[in-house]
Each structure stands twice: as structure tokens, then as C-alpha cells.
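Since the structure comes first, as C-alpha cells, the remarks are kept for the end.
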Amino acid sequence: MSELTHLSATESAERLATGDLTSVELVEAHLERIAAHDGVVADGDVWASREADDLVETDVHAYLHVTATAAREHAADVDRRRAAGERLGPLAGVPLALKDVLTMRGAPTTCGSRMLEGWEAPYDATVTRLLREADVVVLGKTNMDEFAMGSSTENSAYGPTRNPWDLGRVPGGSSGGSAAAVAGMLAPLSIGTDTGGSIRQPAALTGIVGAKPTYGTVSRHGLVAFASSLDQAGPFARTVEDAATLQTLIQQHDPRDSTSVREPVADVRATLRDGVEGLRIGVVRELQGEGYQPGVERVFAEALERYERLGAEIVEVSLPHVDYALAAYYLIAPSEASSNLARFDGVRYGQRVDAATAEEMNAATREAGFGPEVKRRIMIGTHALSSGYYDAYYLQASKVRTLIARDFAAAFEQADVLVSPTSPTVAFEVGALVDDPLAMYLNDVATVPASLAGIPALSLPAGTAEAPDVPGSALPVGLQVMAPLLRDELMYRAAWAFEQDLGFPPSPAGAHALEVSR
Ligand code: GLN
């Protein structure tokens with residue numbers, strides 16, 4: 001059975017189309033693997049993950065809830081309709097995992113928080129609806145840092161997700177569950193969200209492809225808000241083509257999202273195989289050097305050589321204000337979060353702790369419902385927006401954001417796409433950075449610039465490097481490709497050419513680590 005879980009989405013779709021494989025078989029193979037490796041209680045219509053204290057080190061814990069019965073029923077329905085000759089979408093019958101920050105009828109949406117434990121949304125997010133309409137079969141909802149705040153998935157109230165390459169290490173975050181599901185062959189595809197890097201950094205640390213589309217091209221309706229001006233959902237997959245196909249299914253104008261763009265977006269599949277001959281690839285001078293592990297720098301240098309060999313023109317570009325990106329992001333994102341998370345007041349959603357007065361009830365609920373990182377962000381954001389500090393913090397950060405967007409616009413005059421390492425380090429050990437928020441925030445140094453500018457950015461596997469603490473180890477390193485606004489097709493094109501030439505094994509090491517851990 002297990003080789004069915006190792007197929008790419010495109011391979012599965014081809015075999016489904018020829019009748020060589022059924023969606024029910026594909027879904028069963030994944031449910032079997034999830035039951036064996038993910039630390040779930042495989043029982044009932046919706047399988048729940050075990051309590052954090054009951055998880056063991058060999059559990060990936062990618063999923064919080066597995067919608068087993070609904071997935072089986074959807075798969076059977078797709079098989080029936082296919083057999084009846086109905087025309088189906090390109091990924092019909094292929095399973096997928098959904099980050100637990102997107103709402104879905106019939107399943108919990110917890111955002112990795114105790115605040116929303118047991119809460120079920122009465123509606124599907126637009127992304128969820130589009131996937132259903134495309135007959136992609138949702139296997140379940142994935143673990144994440146609480147309200148998407150973090151870079152390791154250790155801020156989940158339900159216990160950390162582990163990296164399938166090395167179960168002692170983190171998968172990155174905040175979409176660590178979605179990334180680990182795909183890297184560990186617990187789903188061929190997943191959806192994550194990226195506010196400051198939460199798709200790209202976990203993709204890099206787990207050796208898979210993850211893309212943040214141009215801001216505003218994927219609807220935020222039903223995506224529980226962290227920082228609304230930055231939040232964007234996007235695809236995870238083991239191949240560039242799979243990610244591109246998945247992106248086309250969710251990228252659509254939506255009147256239910258006031259920031260949804262109306263411009264038609266380019267078909268990212270149409271030019272996928274066009275190659276990089278003559279493409280100008282800009283190396284961002286500021287996104288390398290100090291703070292980047294030597295192994296990461298080596299893989300990045302090799303990536304540039306590869307592009308050159310493939311006929312691309314390498315040019316050096318500068319983003320002069322990018323050194324301020326991290327500081328600006330860590331004011332803007334918490335500011336927006338402090339406002340967005342005000343809705344969790346014990347009245348409208350999820351948990352309530354009763355008390356004598358409404359104000360006390362509100363305070364007690366938030367005290368019990370939010371974890372330490374969420375409280376930290378709310379405090380920082382509230383301070384940055386408060387009268388007397390607003391000009392010095394939030395306003396200043398917003399100005400820096402504009403300068404960074406202009407830097408990118410100028411750089412794209414000289415280059416078609418820009419590249420950098422995705423993350424300054426390979427996956428670190430579970431627990432290594434939990435007590436050092438600033439060190440954790442440094443994970444995002446290369447990803448937040450594109451977030452602030454709203455431009456599309458993707459991470460793909462570029463090779464492996466040794467963990468500095470474990471001689472002889474090999475952990476994935478990601479290459480980030482950034483493109484101008486609404487030019488997502490350029491980054492996919494650059495990524496596809498690289499992937500074909502590199503021939504990076506689609507996470508066999510990730511899958512292998514799980515097999516030997518049993
Ligand atoms: N790691 C970043 C943060 O903690 C980004 C999170 C995200 O993109 N959701 O804010």
C-alpha cells in the first residue's frame with residue numbers, strides 16, 4: 001500500500017484518470033499511514049490527535065483532526081462520478097491536508113489554540129469551498145503555531161509537530177503540520193498560510209515546495225485573521241508542478257474578501273516548462289552573510305552556479321532598506337494581531353471562563369485561552385498602537401514597509417526574479433529556541449521582506465546541509481524565489497527548471513526516517 005502515498009499529486013491524478021487507481025484506495029493508503037505515524041486516535045468520523053502529553057517522539061503529529069469518514073465518502077463519490085463519465089478537475093480525487101486556520105464545515109477549527117477548542121465554523125472558507133468544488137479530498141486539519149504565530153510549530157497548544165527528516169527536530173512554522181504531512185507522505189498536497197514566512201520556511205526545513213502567492217490573489221474569507229494586510233494562503237507539495245496546479249485551484253477573485261484583487265492572474269502552469277535561458281536572476285546582496293549557516297551558504301552558492309549553467313543571467317541587486325524588514329514586520333504583524341484577536345472575548349467564539357462581571361469574564365477567558373506567544377504579540381501590538389507610541393512604532397514601521405516595496409520595484413527593473421536562501425538555518429532541535437523569542441524571530445529574516453511588499457515568493461529544495469551540531473547529518477535547505485506583483489508564473493518557471501536539473505528526491509529521506517523510527 002505504502003507506495004501509493006509516495007506518488008506525486010500529478011502521478012496520482014494521471015492514474016486516477018486512467019482508472020488504474022481509485023480515490024478510495026488513495027485515501028485509504030494515506031489514512032493507514034496517518035494511523036501508523038501521526039499519533040491520532042483512529043476512531044470515529046473525525047479522528048483526534050492524542051493529547052500533547054500522550055504523544056511520543058515517533059509521532060509526526062502533523063494532524064490535529066482527521067476527517068476520515070468525510071474523506072472516504074468524498075473519495076467514493078468522486079470515483080462514482082468518474083466512472084459515470086463526468087468531467088472532473090485536474091486534481092479530482094487527490095487527498096490534501098488543510099491548515100487548521102481555515103474554516104471547514106463538519107470539522108473543528110482550532111488555530112492551534114485552546115481558545116477555539118471544540119469550535120466548529122458554520123461555513124467553509126473560500127479556499128475550502130474551491131477545493132471541494134475541484135473534488136480535492138480533504139483528509140484533515142493540520143497542526144500549527146497558535147494563531148499562526150511562530151516558526152517551529154512548538155507554539156501549538158496541542159503539542160509540537162516533528163520533522164519527518166529527523167523526528168528530534170522542528171518542521172518550521174507556523175504551517176509546520178501542513179509541511180510535515182507532505183514531507184512525511186501523510187498527504188501529497190496541503191494548504192498553509194504565510195504572513196511572514198509560514199509557508200516558505202517550513203517548506204525549506206522539510207525539503208518540499210511551498211508558495212506564497214501574490215497577496216490578495218487567494219481569498220482570506222474563512223482564514224482566521226492574524227495580520228490581515230499580510231496573511232495569504234498557498235500550496236505545499238513535493239514537486240513544483242503539483243504546487244502550481246494546486247495554486248490554480250485556489251487563486252480566484254472573491255467578493256467576500258475586501259482585499260481580493262480583481263486583476264486576472266497569470267496561469268502559473270502555462271509557462272512552467274519555458275526554462276530559464278536568458279532569465280535575469282537577481283541575488284539579493286543583503287540576504288546572505290552574517291547569521292546564515294555555512295552549509296546554507298554553500299547550497300545557495302551551488303544554486304547560483306546551477307542557474308548559470310542553465311543559461312540564466314545572474315545579477316547582483318540591493319534592497320537597501322531590507323535590514324529593517326524584520327523590525328518593521330514584528331511591529332506591523334503584532335499590531336494587526338492585537339486588533340484582530342480582540343474578537344476572542346468569551347462571548348462570540350469558543351472558550352469562556354465565567355466570572356462576576358463581563359470584564360472579568362473577558363480577562364479570565366483570554367488569560368486561560370491564549371498561550372504565551374499570543375499574549376506577547378498582543379502586548380507588543382497594543383503598545384505599538386497606543387497613543388504617544390503610535391508615531392514612533394506603527395507609523396514608522398509602515399513607512400519602512402513602503403520603502404521596502406519601492407526597493408523591490410527598483411530591483412525588478414534589473415532582474416526578472418530574485419533569489420535568496422529561504423531560511424538562515426537548517427531545522428533546529430525541538431526545544432532549542434522556545435525560550436528565546438528573538439532567536440526564533442530571526443528565522444524569518446529572509447522571508448518577511450516579500451511579505452511586506454506583497455509579492456509572490458516560493459521555496460523549493462536546493463540540496464542538503466549538515467546540522468552544525470551533528471557532523472555527517474543531512475538536512476534540507478530551501479531556495480527562495482521571489483517575483484514581481486502578480487507575476488507568480490515567473491517564480492514557478494524559475495523553480496521548475498531548477499528542480500528538473502537538480503532532481504532532488506521528493507523527500508525519500510523524510511519518508512525513510514518514519515519507517516526506521518517504528
Ligand atoms: N514566523 C513569523 C511569525 O511568527 C511568521 C508567521 C506566519 O507567517 N504566519 O510571525
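Position 1 is the first residue of the sequence; numbering continues from there. Remember, predicted model here, so these are calculated numbers, not experimental data. Both ligands and their constituent atoms are indexed starting at 1 by order of listing.
- Taking the charged nitrogens against the carboxylate oxygens, Asp469 and Arg169 do have a contact shorter than 4.0 Å, which makes a salt bridge.
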Anything under 3.5 Å between a donor and an acceptor, one on a side chain of residues 403-410, the other on a protein residue two or more places apart or in another chain? List them.
{"residue": "Asp407", "atom": "OD1", "partner": "His321", "partner atom": "ND1", "Å": "3.1"}
{"residue": "Asp407", "atom": "OD2", "partner": "His321", "partner atom": "N", "Å": "2.7"}
{"residue": "Asp407", "atom": "OD2", "partner": "His321", "partner atom": "ND1", "Å": "3.1"}

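- Every protein residue with a heavy atom nearer than 4.0 Å to ligand 1 is included here: Ala148, Met149, Gly150, Ser151, Ser174, Asp194, Thr195, Gly196, Gly197, Ser198, Phe226, Tyr329, Tyr330, Arg377, Asp444.
- Taking a cutoff of 4.0 Å between a charged side-chain nitrogen and a carboxylate oxygen, Glu373 and Lys375 do not qualify as a salt bridge.
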In residues 427-438, what donor-acceptor pairs under 3.5 Å come from side-chain atoms, sequence neighbours left out?
{"residue": "Asp436", "atom": "OD1", "partner": "Ala439", "partner atom": "N", "Å": "3.3"}

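- Checking Thr153 against Thr161 by side-chain atom types alone, no donor-acceptor pair falls below 3.5 Å.
- For Arg348, the side chain to side chain contact (heavy atoms under 4.5 Å, CB included) partners two or more places apart in sequence, or in a different chain, are Arg343, Asp345.
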